[in-house]
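To start, the structure itself, in structure tokens.
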Amino acid sequence: MPELPEVEILVRHLRPLIHGKTVRGINVRRSKVLAPTSLRKFRQVLLGAKFTGLERRGKYLLFQLRAQAGSVTLLGHLGMTGRIYLARKSSPLPRHAAVVLDLGRKNFIYEDTRYFGRLTLDSSAVDKLGPEPLAGSFDRPAFAQALKRSRQAIKIKLLDQTLIAGVGNIYASEALYRAGVPPRLPAKKLTGAQITRLLQAIREVLIEAVECGSTLPLDFGGEKSDGLFYFGRAPEAAGNYAERLRVYGRAGRPCPVCGGLIKRFRQAARSTFYCPRCQRS
DNA sequence: AACGCCGCCTGATCGC
DNA sequence: TGCGATCAGGCGGCGT
């Protein structure tokens with residue numbers, strides 16, 4: 001599923017492709033993904049608008065456009081299964097295409113199998129986000145204080161986007177493993193050393209994934225023959241990305257460090273993977 | 001205020 | 001073979 005690194009890669013890829021393009025037509029096939037923006041307003045604001053920039057914040061994509069009314073932000077979130085890419089107009093629309101923007105030579109496709117994602121003019125969600133884990137200005141004391149106030153398991157806290165923006169289920173397990181922190185440990189029980197290791201591990205995991213993911217367009221689709229950018233498909237299509245994961249999805253297989261078996265259990269209705277031997281307090 | 005839990009969605013997979 | 005049950009999970013909203 002798309003987390004910070006996947007969105008970062010997508011943003012870098014899309015930015016030059018959409019820059020300067022004008023929205024000439026709008027085809028909304030699932031108005032639910034626009035919420036809370038109405039279909040009428042979405043069309044009214046975006047028709048004729050021109051893409052001027054694209055940024056990432058957490059797992060969100062922030063498209064900047066110049067519209068009649070002035071500058072507007074189009075907020076994208078890929079949810080679990082969302083994808084955004086440019087496709088030839090002659091390409092058949094995918095089954096779950098939710099929004100199609102006519103950019104002239106190509107179509108901007110936002111598709112989402114489960115429709116958990118969003119493409120909306122309401123960008124208020126980003127105001128609630130915590131700091132960017134890769135920013136130099138990351139506030140460690142604030143992070144430590146937030147942990148001190150919570151009895152919740154650290155794994156669950158890492159998924160809280162108001163604490164750190166962009167960490168999802170996969171990288172939460174990976175970061176805890178690398179930091180040697182047990183996922184069930186209550187947040188307030190982490191020592192200063194563990195917090196330091198955890199923050200470092202989060203950065204490492206995310207940076208590594210971005211570097212790894214940056215090779216994705218070369219491995220499949222990308223700017224190749226069909227001009228599509230496929231993304232977040234089956235793990236085997238994701239090149240060496242999946243191989244880099246050390247615990248996620250590897251229950252019953254040996255820990256790369258100690259050789260013990262990786263365990264899986266459920267936390268807040270989500271899978272957590274860890275090494276019982278390497279992750280102890 | 002913090003926290004647990006549900007609903008939203010579809011497709012893959014499993015058991016009978 | 002067919003079909004219902006289960007699982008996958010980001011996140012908003014709601015109840016405690």
Side-chain angles (χ1 to χ4, degrees), chain A residues 1-8 10 28-37 56-62 75-84 93-99 109-130 133 142-176 183-190 202 206 209 230-238 242 245 247-252 264-274:
Chain A
M1 67 234 67
E3 301 183 27
L4 185 153
E6 288 73 27
V7 178
E8 177 64 27
L10 178 60
V28 176
R29 304 171 85 244
R30 277 277 178 147
S31 56
K32 173 200 147 138
V33 304
L34 311 182
T37 303
R56 178 194 59 75
R57 180 78 172 86
K59 303 177 196 175
Y60 289 92
L61 299 102
L62 294 161
L75 184 81
H77 192 289
L78 300 176
M80 288 285 298
T81 51
R83 287 195 222 141
I84 293 175
L93 285 185
R95 185 211 255 288
H96 299 296
V99 178
I109 310 271
Y110 166 56
E111 66 160 304
D112 189 347
T113 305
R114 293 180 200 169
Y115 304 108
F116 279 9
R118 282 291 181 273
L119 191 64
T120 176
L121 294 173
D122 175 17
S123 57
S124 63
V126 299
D127 298 337
K128 299 165 191 158
L129 292 177
F143 179 69
Q145 271 309 309
L147 294 188
K148 283 266 185 312
R149 275 186 268 113
S150 173
R151 287 177 299 281
Q152 224 171 16
I154 185 62
K155 158 70 185 331
I156 296 171
K157 289 311 272 187
L158 289 184
L159 301 179
D160 182 349
Q161 301 300 297
T162 68
L163 204 58
I164 299 188
V167 177
N169 201 42
I170 294 175
Y171 295 110
S173 281
E174 291 295 314
L176 286 167
R184 291 185 181 88
L185 190 63
K188 59 163 60 173
K189 294 278 183 75
L190 267 78
I202 290 169
L206 297 178
Y230 290 113
F231 177 79
R233 270 206 191 276
E236 64 269 18
L245 300 177
V247 289
Y248 188 85
R250 301 178 60 88
R264 183 188 98 118
F265 70 105
R266 299 191 62 79
Q267 269 180 310
R270 283 169 188 87
S271 290
T272 298
F273 297 87
Y274 75 114

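Sequence lines set the chain letters: A, B, ... in the order given, protein chains first and strands last, and positions in each chain run from 1.
- Running 5' to 3' along DNA chain B, contacts with non-hydrogen atoms of chain A at under 4.0 Å begin and end at dA2(B) to dG11(B).
- Annotation: side-chain contact (heavy atoms from CB on, under 4.5 Å) contacts of Arg184(A) (sequence neighbours excluded): Phe265(A), Gln267(A), Tyr274(A).
- In this model, the phosphate group of dG9(C) is approached by a side-chain N or O of Tyr248(A) to a distance below 4.0 Å at OP1 or OP2.
- Rounding to the nearest 0.5 Å places NZ of Lys188(A) at 12.5 Å from CG of Leu190(A).
- Taking the side-chain contact (heavy atoms from CB on, under 4.5 Å) definition, one finds that Lys32(A) meets it with Tyr115(A), Arg118(A), sequence neighbours left out.
- Residue-level contact check: Arg118(A) touches neither bases nor backbone, having no heavy atom under 4.0 Å from any strand.
- If you find the closest nucleotide of DNA chain B to Lys32(A) and to Ala268(A), the one lying nearer the 5' end belongs to Ala268(A).
- In this structure a side-chain-to-backbone donor-acceptor pair under 3.5 Å is present from Arg29(A) to Ala97(A).
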Requested in this report: Spell out protein contact along nucleotides 10-16 of chain C as letters: B when the base is contacted, S when just the sugar-phosphate is, - when no protein heavy atom is under 4.0 Å; keep the 5' to 3' order.
Outcome: BBS----
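- Each of Tyr115(A) and Ile156(A) was assigned the nucleotide of DNA chain B with the nearest heavy atom; the assignment lying further toward the 5' end belongs to Ile156(A).
- In this structure, Gln161(A) contributes its side chain and Gly166(A) its backbone to a donor-acceptor pair below 3.5 Å.
- Every residue two or more places apart in sequence or in another chain that forms a side-chain contact (heavy atoms from CB on, under 4.5 Å) with Arg264(A) is listed here: Ala251(A), Arg266(A), Ser271(A), Phe273(A).
- Looking at heavy-atom distances under 4.0 Å, Thr81(A) makes no contact with the nucleic acid at all.
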Report task. For Ser124(A) and Asp122(A), run side chain to side chain donor-acceptor pair (under 3.5 Å): C-alpha distance rounded to whole Å, both residues' side-chain angles, the deciding distance at 0.1 Å, then the answer. Result -> CA-CA 6 Å; Ser124(A) 63; Asp122(A) 175 17; 2.9 Å; yes
Could you list the donor-acceptor pairs under 3.5 angstrom formed by side chains in residues 75-82 of chain A, with sequence neighbours left out?
| residue | atom | partner | partner atom | Å |
| --- | --- | --- | --- | --- |
| His77(A) | ND1 | Gly79(A) | N | 2.9 |
| Thr81(A) | OG1 | Asp112(A) | OD1 | 2.6 |
| Thr81(A) | OG1 | Thr113(A) | N | 3.4 |
| Thr81(A) | OG1 | Arg114(A) | N | 3.0 |

